[in-house]
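Below: the structure, in structure tokens.
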Amino acid sequence: VDEQRFDAIVVGGGAIGLACAWAAARRGLRVCVLERDRIGAGATWAAAGMLAPATEAEFGEDELLRLNLASAERWPGFAAALGDVGYERSGTLYAALDRDELEALERLRALQSSLGLETEWLSGRDCRRLEPGLTPHAAGGLRAGDEAQVDPRRLVTALAAAVEDAGGAIRTGVEVVEVDAGGAATADGCAFEGAVVVAAGCWTGSLVEAPIRPVKGQILRLRGERPCTHSLRTDRVYVVSRPSGETVVGATVEERGFDTTVTAGAVHELLREAYRALPEIAELELAEAFAGLRPGTPDNRPRIGRLAEGGPIVASGHYRNGILLAPVTGDAVAALLLGEQPDVDLAPFSPALAEAVAP
Ligand SMILES: Cc1cc2nc3c(=O)[nH]c(=O)nc-3n(C[C@H](O)[C@H](O)[C@H](O)COP(=O)(O)OP(=O)(O)OC[C@H]3O[C@@H](n4cnc5c(N)ncnc54)[C@H](O)[C@@H]3O)c2cc1C
């Protein structure tokens with residue numbers, strides 16, 4: 001038996017690559033994941049884990065919203081099949097802390113209702129009733145009670161175990177240097193044969209032609225008593241708190257190429273804005289400051305599909321929603337590998353789309 005021959009070779013062991021590998025393995029394909037670092041070492045290690053299709057909605061991003069909603073629907077089943085990954089339907093509270101923020105929030109609410117999204121409008125007092133740690137300056141808020149969170153680090157650990165349980169192989173410390181439709185070559189001179197799925201996050205462009213760039217995000221991890229149960233957002237910061245005692249404060253959005261330096265200014269800004277919303281966070285331990293690189297695209301849409309007829313499959317460019325989009329991406333890529341029509345319309349996410357299509 002040639003050990004280097006598989007039905008599918010997945011390049012990249014982040015949330016997206018592992019979700020694709022797991023879906024394919026569960027459908028009976030022999031898969032191998034090739035990851036040059038450790039499992040989840042890319043953007044996935046930074047991610048907060050908000051599963052927030054409604055509060056992330058932006059003007060002109062209807063196609064992305066549809067995909068986000070389709071994936072959010074799959075999350076309960078996806079999480080249940082993986083075991084304890086910290087999935088919690090704790091809801092999002094988007095709070096306005098002054099008059100300007102209240103006006104901005106009213107615009108977001110108008111956008112959400114135009115898109116048919118259900119959110120609840122709350123007074124400042126109602127916000128404080130829901131989240132007693134919230135500053136008394138809270139002027140109002142939007143609540144999306146259905147939104148959820150997950151722990152991305154537990155998620156990738158569980159996904160890797162699930163891939164292996166389903167008969168898949170995972171090779172870490174293996175860097176892919178070249179791909180084509182029928183296989184991948186590694187830096188140490190090995191050749192892997194099989195249909196290729198490139199899920200290399202912001203590094204995807206070094207293997208295939210794709211309009212994907214790194215977008216830096218700095219993020220903090222605090223430890224101690226939970227300061228809020230909803231994912232709490234303002235215009236300038238979000239706070240996601242888990243039953244495990246981890247509280248995440250994120251995140252910057254910076255165009256700095258492949259730089260992952262943690263800067264004093266960003267740490268200062270994140271703590272200042274989190275403190276403005278939830279003064280109690282000052283008591284928590286500062287456990288970690290980290291920077292990750294989101295795979296961004298010109299239109300903020302992921303790229304999922306074949307690069308060309310008979311060519312490698314791309315699953316990348318998930319930008320700010322790669323954790324949310326893992327279930328739907330995995331299902332779609334497994335369908336493509338099996339020669340089936342995916343159950344979501346992938347046309348708006350074709351890797352052949354170089355530039356944004358005007359909305
Ligand atoms: C600060 C921050 C906060 C975020 N918060 C959220 C959130 O709350 N909710 C949400 O849904 N999303 C969030 N995201 C976005 C999310 O993290 C990404 O969209 C998602 O992790 C992308 O997953 P991926 O598997 O495509 O990429 P990655 O996780 O970057 O994985 C790509 C992998 O490919 C490997 N690789 C690259 N090149 C090669 C090669 N040549 N050979 C072998 N392996 C290779 C890398 O080592 C890496 O492990 C956040 C991102 C950041 C940075």
Side-chain angles (χ1 to χ4, degrees), residues 9-21 32-53 55-56 68 71-72 75 92 147-153 155-156 159-160 170-179 184-188 192 196-208 210 212 214-221 231 233 238-240 248-254 258 260 262 266 270 289-297 300 302-304 314-330 333:
I9 311 291
V10 178
V11 185
I16 296 299
L18 291 169
C20 295
C32 180
V33 177
L34 302 177
E35 164 57 52
R36 70 171 165 207
D37 196 331
R38 24 174 205 86
I39 286 306
T44 301
W45 209 250
M50 283 180 297
L51 308 175
T55 46
E56 280 271 325
N68 284 343
S71 206
W75 254 100
T92 304
E147 291 191 340
Q149 59 154 306
V150 65
D151 182 337
R153 296 179 180 182
L155 170 68
V156 276
L159 273 172
I170 294 191
R171 310 271 170 89
T172 54
V174 176
E175 178 171 15
V176 171
V177 289
E178 212 183 314
V179 297
T186 66
D188 57 5
F192 287 78
V196 170
V197 178
V198 183
C202 71
W203 300 276
T204 295
S206 68
L207 293 171
V208 291
I212 293 168
V215 182
K216 179 179 178 181
Q218 300 192 54
I219 189 161
L220 308 176
R221 281 174 163 78
S231 296
R233 303 183 64 135
Y238 57 75
V239 179
V240 181
V248 178
V249 176
T252 65
V253 178
E254 305 169 68
F258 289 93
T260 53
V262 173
L270 291 169
F290 193 76
L293 300 172
R294 306 173 185 89
T297 61
N300 297 339
R303 295 296 187 268
I304 308 165
V314 173
S316 184
H318 293 73
Y319 190 40
R320 301 180 70 168
N321 289 305
I323 306 301
L324 171 61
L325 288 169
V328 78
T329 305
V333 167

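None of these values were measured; they are calculated from a predicted model. Start at 1 and go down the list; that is how both ligands and their atoms are numbered.
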Test your reading of the structure: does [X] have an N or O sitting under 3.5 Å from an N or O of ligand 1?
| X | value |
| --- | --- |
| G40 | no |
| A46 | no |
| A48 | yes |
| Q218 | no |
| E175 | no |
| R38 | no |
| L207 | no |
| D37 | no |
| A47 | no |
| G49 | yes |

(request) Could you tell me whether Y238 approaches ligand 1 through its side chain, its backbone, both or neither, with non-hydrogen atoms closer than 4.0 Å? (result) side chain

(message) Below 4.0 Å, non-hydrogen atoms only: which portion of V174 touches ligand 1? Side chain, backbone, both or neither.
(response) backbone

Heavy-atom contact under 4.0 Å between [X] and ligand 1?
| X | result |
| --- | --- |
| S316 | no |
| W45 | no |
| A199 | yes |
| V177 | no |

Flag side-chain contact, heavy atom, 4.5 Å: [X] against [Y]:
| X | Y | answer |
| --- | --- | --- |
| V156 | W45 | yes |
| T297 | Y319 | no |
| Y238 | I219 | yes |
| C202 | R294 | no |
| E35 | I170 | no |

What pair of heavy atoms forms the shortest contact from [X] to [Y], and how long is it?
| X | Y | answer |
| --- | --- | --- |
| A199 | V10 | CB-CG1, 4.5 Å |
| A15 | L155 | CB-CD2, 4.5 Å |
| V33 | G12 | CG1-O, 3.8 Å |
| V196 | A184 | CG2-N, 4.2 Å |
| A210 | T204 | CB-CG2, 4.3 Å |
| A200 | L207 | CB-CD1, 4.4 Å |

(request) Can you spot which of L34, V11, V197 makes a side-chain contact (heavy atoms from CB on, under 4.5 Å) with V179? (result) V11

(request) Could you check which of T44, L220, V198, V150 puts a non-hydrogen atom nearest to atom 21 (O) of ligand 1? (result) T44

(message) If you take the nearest heavy atom of each of G42, C20, A200, P302, which one is closest to atom 32 (C) of ligand 1?
(response) A200

Heavy atom of the protein closest to [atom] (residue, atom name, distance):
| atom | value |
| --- | --- |
| atom 34 (O) of ligand 1 | G12 CA, 3.3 Å |
| atom 51 (C) of ligand 1 | R294 CG, 3.6 Å |
| atom 42 (N) of ligand 1 | V176 N, 2.9 Å |
| atom 27 (O) of ligand 1 | G201 CA, 3.5 Å |
| atom 49 (O) of ligand 1 | E35 OE1, 2.6 Å |
| atom 45 (C) of ligand 1 | R36 CG, 3.8 Å |
| atom 12 (N) of ligand 1 | R320 O, 2.9 Å |
| atom 15 (C) of ligand 1 | Y319 O, 3.0 Å |

(request) Applying side-chain contact (heavy atoms from CB on, under 4.5 Å), name anything that partners E254, two or more places apart in sequence or on another chain. (result) K216, Q218, T252, R256

[X] side chain to [Y] backbone, donor-acceptor under 3.5 Å:
| X | Y | result |
| --- | --- | --- |
| W75 | L324 | yes |
| T44 | G14 | no |
| S316 | G201 | yes |
| S231 | V240 | no |

Show me which atoms of ligand 1 lie under 4.0 Å from any heavy atom of [X].
| X | answer |
| --- | --- |
| A251 | 1 (C) |
| L34 | 43 (C), 44 (N) |
| N321 | 10 (C), 11 (O), 12 (N) |
| H318 | 19 (O) |
| A15 | 25 (O) |
| I16 | 23 (O), 24 (P), 25 (O), 26 (O) |
| M50 | 7 (C), 8 (O), 9 (N), 10 (C), 11 (O) |

(message) Once side chain to side chain donor-acceptor pair (under 3.5 Å) is applied, what residue pairs with a partner in residues 320-329 remain, sequence neighbours excluded?
(response) H318-T329

(request) Nearest 0.5 Å please: distance from the CD1 atom of I323 over to the CD1 atom of I16. (result) 7.0 Å

